[in-house]
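Just below is one structure, and these are the notes that go with it.
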Amino acid sequence: AQSVAQPEDQVNVAEGNPLTVKCTYSVSGNPYLFWYVQYPNRGLQFLLKYITGDNLVKGSYGFEAEFNKSQTSFHLKKPSALVSDSALYFCAVRDPNSGNTPLVFGKGTRLSVIA
Amino acid sequence: KAGVTQTPRYLIKTRGQQVTLSCSPISGHRSVSWYQQTPGQGLQFLFEYFSETQRNKGNFPGRFSGRQFSNSRSEMNVSTLELGDSALYLCASSGDTLLNYGYTFGSGTRLTVV
């Protein structure tokens, strides 16, 4: 079975500092990995994905994530945080070898960027 | 291209009542998935419909049901509402493959059961 864990419920960072939101996954094969962001009273918005290829993937709004197979991690990063980055972030995984199974989401990490 | 449209945006219902939520996917998308979002549990998968057939089902009681129409619009129904059903219900559509953007989500329907 596939699963994903976001070990931090809340991450606080000062504006201008680098940020990291952690995600680890468990699948039987090579995963498809996604990051989404949710602003208040909105649905989830796609940020970036890893399917195959370069371990460092770049996405929207200056975010990037690094796929680390040995550590089964896919941490979301940004070099310089903005107050407007404050939101709820979700990591999701899918095992492409498991047929048409749905995306499995982590419980989310609330990012708070302080001016 | 229009996004995923969910109606209504907000609902207040009384325990024991039933409710129907609607989702119109992106044009051309045949897969519609439903998730329940609560603060403590994150996103919990309800079910997925593809070409009018339920393709996947999560671990929810039979009070939760859904269907998909020939135009890919989907509805979910919750009968005999309980206080614990209060949540944000999210609909997501995708094309035949998840490889592009995964899911595209609607803004959700916030259901409050009193």
Test log, rule side chain to side chain contact (heavy atoms under 4.5 Å, CB included), inputs B:Tyr103 and A:Tyr36: CA-CA 10 Å; B:Tyr103 295 154; A:Tyr36 288 83; 4.0 Å; yes
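For chain A, no part of B:Gln44 is nearby; none of its heavy atoms comes within less than 4.5 Å. Residue A:Gln38 touches chain B through its side chain alone, counting heavy-atom pairs closer than 4.5 Å. Heavy atoms of B:Gln41 lying under 4.5 Å from chain A belong to its backbone as well as its side chain. With a threshold of 4.5 angstrom between heavy atoms, B:Tyr89 does not approach chain A through any atom at all. Residue contact with chain B, scored on non-hydrogen atoms closer than 4.5 Å, is absent for A:Asp9.
Residues of residues 68-90 of chain A that come within less than 4.5 angstrom of chain B, heavy atom to heavy atom, are A:Leu88, A:Phe90 in numerical order.
Atoms CD and OG, on B:Glu48 and B:Ser93 in that order, are 11.0 Å from each other to the nearest 0.5 Å. Rounding to the nearest 0.5 Å places CZ of B:Phe45 at 4.5 Å from CG of B:Asn56. Rounding to the nearest 0.5 Å gives a distance of 11.5 Å between CD1 of B:Ile26 and OG of B:Ser72.
For the residue pair B:Asn77/B:Glu75, the side-chain donor-acceptor check at 3.5 Å is not satisfied.
When A:Val104, A:Leu48, A:Leu47, A:Asn41 are compared by the number of non-hydrogen pairs under 4.5 Å with chain B, A:Asn41 comes out ahead.
Inter-residue side-chain proximity for A:Gln2 and A:Pro31 is flagged as unmet; no heavy-atom pair is nearer than 4.5 Å. The shortest side-chain heavy-atom distance between A:Phe63 and A:Leu19 falls under the 4.5 Å cut-off. At a threshold of 4.5 Å between non-hydrogen side-chain atoms, the residues B:Gln6 and B:Leu21 do not count as touching.
Using a cut-off of 4.0 Å between Lys/Arg side-chain N and Asp/Glu carboxylate O, B:Asp85 and B:Arg63 are scored as salt-bridged.
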